Visitor: 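Let me give you the structure first, and then I'll get to my questions.
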2 protein chains.
Amino acid sequence: MADVYHHGNLRQALIDAGIKIINDYGEESLSLRKAAAMCNVSHAAPYAHFKDKEELIEAIKNDVTERFMQELESAVEGGASADEAIIAMGRTYVTFFSKNPVYFVFLFGKQNIKAHLKMDKEYKNDYPPFLLLRRMYLKHLEENGLEKTFEEQEIELIKIWSIVHGMASIACMKGVKSSIDWNDIDERLLV
Amino acid sequence: MADVYHHGNLRQALIDAGIKIINDYGEESLSLRKAAAMCNVSHAAPYAHFKDKEELIEAIKNDVTERFMQELESAVEGGASADEAIIAMGRTYVTFFSKNPVYFVFLFGKQNIKAHLKMDKEYKNDYPPFLLLRRMYLKHLEENGLEKTFEEQEIELIKIWSIVHGMASIACMKGVKSSIDWNDIDERLLV
DNA sequence: CCTTAAACTTGACAATGTAAAGATTGCATA
DNA sequence: TATGCAATCTTTACATTGTCAAGTTTAAGG
């Protein structure tokens with residue numbers, strides 16, 4: 001079909017194609033066959049690299065999350081104190097999804113809800129952005145000489161994340177007038 | 001196919017069937033044909049009541065939103081002051097989705113993002129729960145003799161909503177340890 | 001050179017959304 | 001009451017899609 005029988009790096013090419021489709025036409029337009037076509041391979045070729053459509057989506061999700069994490073990390077590096085870092089992180093968090101609403105649904109939609117259908121995985125706080133936030137939060141406690149129980153920490157972390165994540169969510173939602181400047185988040189909210 | 005040619009109330013029956021499918025098997029299992037089968041009508045019968053699958057989904061969404069609003073409203077009625085009402089509303093908001101994670105994604109997923117693809121509708125703050133919150137918020141301002149510009153109001157509203165909506169979102173997410181009691185939300189967060 | 005496993009193709013099938021054409025029904029109205 | 005019409009529903013058909021099975025090509029190593 002193409003010049004070469006072996007594509008060379010079909011796996012990554014499919015991920016890239018998938019991202020392009022999602023960006024251009026939305027998540028529901030993503031199909032294995034379209035992605036395959038964009039890579040000039042047959043419709044069944046993806047199955048050499050992904051067990052099913054689910055696995056491609058998972059791979060794309062990882063790819064997007066990585067880019068997201070890069071922005072977050074470079075935001076965190078900018079701040080001198082932990083407090084500044086956390087605020088910068090919140091700003092970046094909201095801005096990233098405000099600029100890419102499609103990614104928000106893609107990352108936090110469907111597959112990411114607690115499916116009371118199939119409880120296959122253990123729930124654990126291993127979401128990379130959350131780990132980063134926790135690291136900064138602990139640094140914040142240390143810098144300010146604060147002592148909190150694990151329980152208290154957990155709750156405060158969830159609170160912070162709720163605000164930021166909620167803002168991102170709302171920034172992405174239809175029906176929300178954009179009179180809010182998502183780049184100018186009130187700092188008092190964040191620590 | 002069935003006893004009677006005219007079903008009687010196929011429209012609502014399809015909505016109910018759709019909700020049942022979503023609850024039992026998840027959103028991605030929802031298909032017009034299955035819903036039709038559950039109502040003992042042919043696979044094309046739904047097209048007499050809905051333009052396409054999209055329109056059925058929209059109808060289901062309205063149905064769920066209505067139930068959600070009922071819970072919110074009865075929560076609001078319980079509170080003596082506006083402040084209490086807002087807190088009760090926040091609690092209900094989080095609890096509702098904590099109990100029905102599937103609904104969260106269903107209501108706020110896919111179709112509800114700002115699709116930079118087709119900007120068909122004007123963005124407006126007409127989401128019923130938001131309207132209720134605004135009403136309570138204005139009452140709160142009045143009761144406490146506070147004066148705010150429209151801009152300030154808008155921002156504060158978004159903040160409150162962010163926290164609550166964010167908590168709901170996180171409560172629904174995989175990867176989040178449920179050491180948090182989503183029924184015991186710290187009141188200091190909410191006003 | 002030959003074997004083998006990975007990467008890819010072709011062909012098939014079932015599920016789905018949807019369009020078109022026709023059948024059935026209830027109901028208003030002449 | 002009879003008739004016509006619009007709403008409701010069925011049947012048929014087709015394109016898209018996920019997925020499987022069987023076969024083909026290729027690279028790479030013994």
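The structure displayed is predicted, hence computed values, not measured ones. Chain naming here is simple, since letters A, B, ... match the order of the sequence lines and numbering starts at 1 in each.
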Visitor: Set out, in order, the CA-CA distance, both residues' side-chain angles and the distance that settles side-chain contact (heavy atoms from CB on, under 4.5 Å) for B:F50 and B:I15, then state yes or no.
Guide: CA-CA 11 Å; B:F50 304 100; B:I15 292 175; 4.1 Å; yes
Visitor: Check the distance between C:dC8's C1' and A:L10's CG and give it to me in whole angstrom.
Guide: 9 Å
Visitor: Whole angstrom is fine here: how far is it from CD1 in B:I57 over to P in C:dT16?
Guide: 14 Å
Visitor: Round to a whole Å and report the spacing from CG of B:L14 to P of C:dG17.
Guide: 12 Å
Visitor: For side-chain contact (heavy atoms from CB on, under 4.5 Å), just list the numbers for A:D63 and A:Q12, CA-CA rounded to whole Å, side-chain angles, deciding distance to a tenth of an Å, and then say yes or no.
Guide: CA-CA 10 Å; A:D63 210 278; A:Q12 188 58 45; 3.5 Å; yes
Visitor: For the pair made of CG in A:N9 and P in D:dA27, what is the distance, rounded to whole Å?
Guide: 16 Å
Visitor: Inspect the surroundings of CD in A:E142 and state if more than 12 heavy atoms from other residues, nucleotides or ligands are less than 6.0 Å away.
Guide: no
Visitor: Using a cut-off of 4.0 Å between protein heavy atoms and nucleotide atoms, how would you tag nucleotides 14-19 of chain D 5' to 3' with B, S and -?
Guide: ---BBB
Visitor: In whole angstrom, what separates B:E55's CD from C:dT18's P?
Guide: 11 Å
Visitor: Is there a side-chain contact between B:H140 and B:E84, using heavy atoms and a 4.5 Å cut-off?
Guide: no
Visitor: Do the ring planes of B:F68 and B:Y93 sit parallel (below 30°), tilted (30 to 60°) or perpendicular (above 60°)?
Guide: perpendicular
Visitor: So, is A:H49 near the phosphate of C:dC8, with a side-chain N or O under 4.0 Å from OP1 or OP2?
Guide: yes
Visitor: Is it true that B:F104 and B:F96 have ring centroids separated by less than 6.0 Å?
Guide: no
Visitor: Take the protein atom CD of A:Q12 and the nucleotide atom C1' of C:dA7, then report the distance between them rounded to whole Å.
Guide: 17 Å
